[in-house]
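See below for the structure under consideration.
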Amino acid sequence: MEKALKEVTPKSEDFSKWYTDVVRKADLMDYAPVKGFIVIRPYAYRIWEFIQSDLDARFRATGHQNAYFPLLIPQSLLTREAEHVQGFSPEVAWVTRGGGEELAEPLAVRPTSETIVGEMYARWIQSYRDLPVLINQWSNVVRWEKATRPFLRTTEFLWQEGHTVHRTEAEARAETEQQLEAYRGLLEETLAIPVVAGVKSAGERFAGAVETYTLEAMMGDGRALQTATSHFLGQNFSRAFNIQFLDEDGELKYGWTTSWGASTRLLGGLIMVHGDDRGLRLPPRVAPIQVVVVPIAKGSDREAVLAYCRALQLRLGAHVRVHLDERDEFTPGYKFNDWEMRGVPLRLEVGPRDIARGQVVFARRDNGEKTPVIADDLPEAVDATLNEIQKALYAQAQARMQALSFAIQDYHEAVARDRRGFFWGNWCGRQACADRLQEETSMTIRCLPLLTEHDLQPQRSGNDCAVCHGPAEHRAVFARAY
RNA sequence: CGGGGCGUGGCGCAGCUUGGUAGCGCACUUGCUUUGGGAGCAAGGGGUCGGGGGUUCGAAUCCCUCCGCCCCGACCA
């Protein structure tokens with residue numbers, strides 16, 4: 001552990017510094033020449049690919065298809081939905097020159113694609129028989145942010161954005177909720193990140209949406225991260241873009257639309273939820289390398305140990321993503337630290353003593369435990385251990401969220417706890433109270449939680465607003481957010 | 001965009017107060033010896049001192065200006 005301190009600022013000392021140390025030391029990203037932009041390096045991009053394939057499978061299972069819409073959006077299109085423009089205009093990047101000439105109409109680099117998608121959907125939809133339209137796209141978007149942080153908020157980021165049109169309000173609302181559950185599946189099952197699902201308050205809602213659903217996750221320092229959102233757009237966009245269809249009853253009607261997205265911000269969340277002072281800790285399901293084999297091969301034993309390890313690699317390769325570290329220029333100790341920094345869930349140590357005893361040593365990244373395992377039991381033992389690690393990481397994250405979730409009567413109780421955590425309180429529903437909370441504490445209303453039986457439900461008594469103590473309409477989660 | 005901090009080989013830093021042409025650790029290259037928690041010895045390579053301008057015989061060092069990164073706030077996935 002002392003050695004790890006050389007490389008990475010301890011989480012407890014300075015969480016932000018720890019985060020930037022880890023993303024750099026684990027070769028996840030590098031800063032690009034233009035402010036606010038980063039390069040996503042291969043190791044991090046691989047994790048993103050696992051997230052993509054997980055979501056893609058979930059989307060396909062519910063009838064969605066992928067497509068691709070253009071990067072540039074004419075100004076006239078972007079400005080068609082009033083609330084939407086207002087919300088996004090401060091952060092839109094514009095292209096004003098092309099082919100060496102000033103353009104007749106400025107083109108926006110998409111900050112999101114509702115407008116251009118809406119324009120196209122209006123052309124494609126004539127009849128109720130054309131509905132629903134269930135399309136997703138994987139793309140990059142640009143939002144000119146004032147303060148950026150690697151993965152969490154960059155000027156350009158990668159994401160998926162789903163855009164659907166439905167015949168009825170009920171169907172569109174169901175779609176919105178269904179997609180939120182798809183994200184919950186990704187977060188909890190695959191990324192091992194527990195979340196609080198909820199509805200955004202009016203002030204935090206997506207520009208142009210009727211209702212925004214969100215999944216809020218708790219980071220290692222108790223702050224919240226919005227990991228995915230799903231929007232019920234009502235008929236706001238269909239009216240603005242004239243998405244109409246002739247219904248069975250012969251009447252021309254506006255469609256009901258939704259949109260939903262998750263971005264490379266998830267990589268930041270993954271790091272901040274699971275990482276520790278030794279570096280990254282990756283859940284096996286998204287680990288580019290699930291098992292690393294480190295040979296301990298000295299002198300005359302070298303070739304024999306390496307041959308044994310290569311056979312081991314072949315044997316395990318059919319089950320898991322395994323890497324054999326054959327580098328001769330580093331000692332085993334160096335390799336241990338190196339792979340721990342990169343978050344590889346399980347390390348197998350193999351030396352002459354192990355071979356003689358017919359065993360290999362398992363070293364788990366989640367808890368640091370080392371255990372000898374009989375070589376004959378290997379593929380099964382590896383599978384079982386990876387499953388345990390996946391569960392253990394979730395359990396640890398959930399335990400922290402539980403430990404840092406508090407029921408409060410008054411928002412000063414959150415201040416007394418240094419605003420660290422999720423504070424469950426009542427809210428009168430007035431924006432004035434949300435504003436006052438933010439001004440005084442920099443906490444925001446993360447969501448109005450939707451509770452299911454397996455969610456956290458900190459108990460509280462009374463039913464007055466935690467800010468003004470007037471009659472409360474909602475239960476809300478207050479927290480500082482990234 | 002406001003407040004604060006920092007920019008010196010790839011990384012982390014010293015040198016700046018009191019100007020004299022750049023140094024340390026790690027990393028890198030080569031060789032030999034090594035290898036169960038960041039190996040040792042030896043010989044090497046690598047720097048427009050963030051950019052521009054100014055003061056000066058002379059600037060990493062003093063002055064002006066711009067840029068970038070980090071932190072804390074305001075705005076957002």
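Chain naming here is simple, since letters A, B, ... match the order of the sequence lines and numbering starts at 1 in each.
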| note | Any strand, both distances under 3.5 Å, Watson-Crick or G-U wobble: B:C16 pairs with none
| field | Partners meeting ring-ring contact (aromatic ring centres under 6.0 Å, His included) with A:Tyr334 (sequence neighbours left out) | value | A:Phe330
| query | Which part of the nucleic acid does A:Pro352 contact within heavy-atom distance under 4.0 Å: base, sugar-phosphate only, or nothing? | reply | base
| query | Mind checking the P distance from B:C49 to B:C11? Whole angstroms is fine. | reply | 16 Å
| task | Mind calculating the distance between CG (A:Asp354) and C1' (B:G37) to the nearest angstrom? | result | 15 Å
| When we call it a touch if two heavy atoms are under 4.0 Å apart, what does A:Gly269 touch: a base, just sugar-phosphate, or nothing? | nothing
| said: Considering every strand and a 4.0 Å limit on heavy-atom distances, what is the contact class for A:Gly351: base, sugar-phosphate, or nothing? | reply: base
| field | A:Thr62: partners by side chain to side chain donor-acceptor pair (under 3.5 Å), with sequence neighbours left out | value | A:His64
| said: Need the pair for B:C6. Rule: Watson-Crick or G-U wobble, both distances under 3.5 Å, any strand; none if unpaired. | reply: B:G68
| field | Nucleotide paired to B:C49 in any strand shown, Watson-Crick or G-U, under 3.5 Å | value | none
| note | Per-nucleotide protein contact along nucleotides 72-77 of chain B, 5' to 3', at a 4.0 Å heavy-atom cut-off (B base, S sugar-phosphate only, - neither), is SSBBBB
| query | Expressed in angstrom and rounded to an integer, what is the separation of A:Glu340 atom CD from B:G36 atom C1'? | reply | 14 Å
| request: Rounded off to whole Å, could you give me the CZ-to-P distance for the A:Arg353 and B:U35 pair? | output: 12 Å
Interface polar pairs with nucleotides 26-31 of chain B, N/O, under 3.5 angstrom:
none

| Spacing of A:Glu303 atom CD relative to B:U35 atom P, expressed in whole Å | 16 Å
| message | Please name the nucleotide paired to B:A39 by Watson-Crick or G-U wobble geometry with both distances under 3.5 Å, or report none. | response | B:U33
| request: Evaluate the side-chain proximity of A:Val291 to A:Val344: yes if any heavy-atom separation is below 4.5 Å, no if none is. | output: no
| said: Once hydrogens and angles are ignored, does a donor-acceptor distance under 3.5 Å link the base of B:G37 to the side chain of A:Arg347? | reply: yes
| task | Can you tell me, in whole Å, how much space there is between the C1' of B:G4 and that of B:C76? | result | 23 Å
| remark: 5' to 3', nucleotides 46-52 of chain B under a 4.0 Å protein heavy-atom cut-off (B base, S sugar-phosphate only, - none) gives -------
| remark: To the nearest angstrom, the NZ-C1' distance between A:Lys17 and B:C69 comes to 12 Å
| query | With A:Trp256, which residues qualify under ring-ring contact (aromatic ring centres under 6.0 Å, His included), at least two apart? | reply | none
| Tell me the ring-ring contact (aromatic ring centres under 6.0 Å, His included) pairs involving residues 272-308 of chain A, sequence neighbours left out? | none
| Euclidean distance for C1', B:A59 against B:G2 (whole angstrom) | 33 Å
| On a whole-Å scale, what distance lies between the P atoms belonging to B:A27 and B:G12? | 15 Å
| field | Same-atom distance (C1') from B:C72 to B:G25, integer angstrom | value | 32 Å
| task | Would you indicate what A:Lys370 reaches in the nucleic acid, counting non-hydrogen atoms under 4.0 angstrom: base, sugar-phosphate, or nothing? | result | base
| message | Please enumerate all residues that pass ring-ring contact (aromatic ring centres under 6.0 Å, His included) together with A:Tyr482, with sequence neighbours excluded. | response | none
| task | Find the partner of B:G73: check Watson-Crick (N1-N3 plus N6-O4 or O6-N4) and G-U wobble (N1-O2, O6-N3) distances, both under 3.5 Å, and reply none if neither fits. | result | B:C1
| request: May I ask which nucleotide in the shown strands pairs with B:G25, Watson-Crick or G-U wobble, both distances under 3.5 Å? | output: B:C11
| task | Quote, to the nearest angstrom, the C1' distance that separates B:G15 from B:G23. | result | 8 Å
| If you look at every strand shown and take non-hydrogen atoms under 4.0 Å, does A:Pro111 touch a base, only sugar-phosphate, or nothing? | nothing
| query | Can you find a side-chain donor-acceptor pair between A:Thr257 and A:Ser238 that sits under 3.5 Å? | reply | no
| Are A:Phe157 and A:Trp159 close enough that their ring centres sit under 6.0 Å apart? | yes
| said: For residues 194-226 of chain A, which residue pairs pass the ring-ring contact (aromatic ring centres under 6.0 Å, His included) check, not counting sequence neighbours? | reply: A:His84-A:Phe206, A:Phe88-A:Phe206, A:Phe206-A:His231
| Rounded to whole angstrom units, what separation is found between the CE atom of A:Met29 and the C1' atom of B:C11? | 14 Å
Residues 142-151 of chain A side chain polar contacts: donor-acceptor under 3.5 Å, at least two apart:
residue: A:Arg143; atom: NE; partner: A:Pro111; partner atom: O; Å: 2.7
residue: A:Arg143; atom: NH2; partner: A:Pro111; partner atom: O; Å: 2.7

| request: Could you check how far CG of A:Asn337 sits from C1' of B:G36, rounded to whole Å? | output: 14 Å
| task | Take atom CG of A:Asp21 and atom C1' of B:C71, then tell me their distance rounded to the nearest Å. | result | 13 Å
| Does a side-chain N-to-carboxylate-O contact under 4.0 Å join A:Lys335 and A:Glu349? | no
| said: With rounding to the closest Å, how many angstrom separate the C1' atoms on B:C16 and B:C62? | reply: 10 Å
| Residue closer to the 5' end of RNA chain B, A:Tyr31 versus A:Asp328 (nearest nucleotide) | A:Asp328
| Check ion pair A:Asp338-A:Arg327 (N to O, under 4.0 angstrom) | yes
| query | Which whole number of Å gives the distance between the P atom of B:U48 and that of B:G9? | reply | 9 Å
| said: Taking ring-ring contact (aromatic ring centres under 6.0 Å, His included) as the definition, give me every residue that meets it alongside A:Tyr411, ordered by chain and number, with sequence neighbours left out. | reply: none
| query | Of all the nucleotides listed (B:C69, B:G36, B:U35), which has the minimum atom distance to the side chain of A:Val361? | reply | B:G36
Please list every donor-acceptor pair under 3.5 Å in which a side-chain atom of residues 32-43 of chain A meets a protein atom from a residue at least two apart or in another chain.
residue: A:Tyr43; atom: OH; partner: A:Arg342; partner atom: O; Å: 2.7

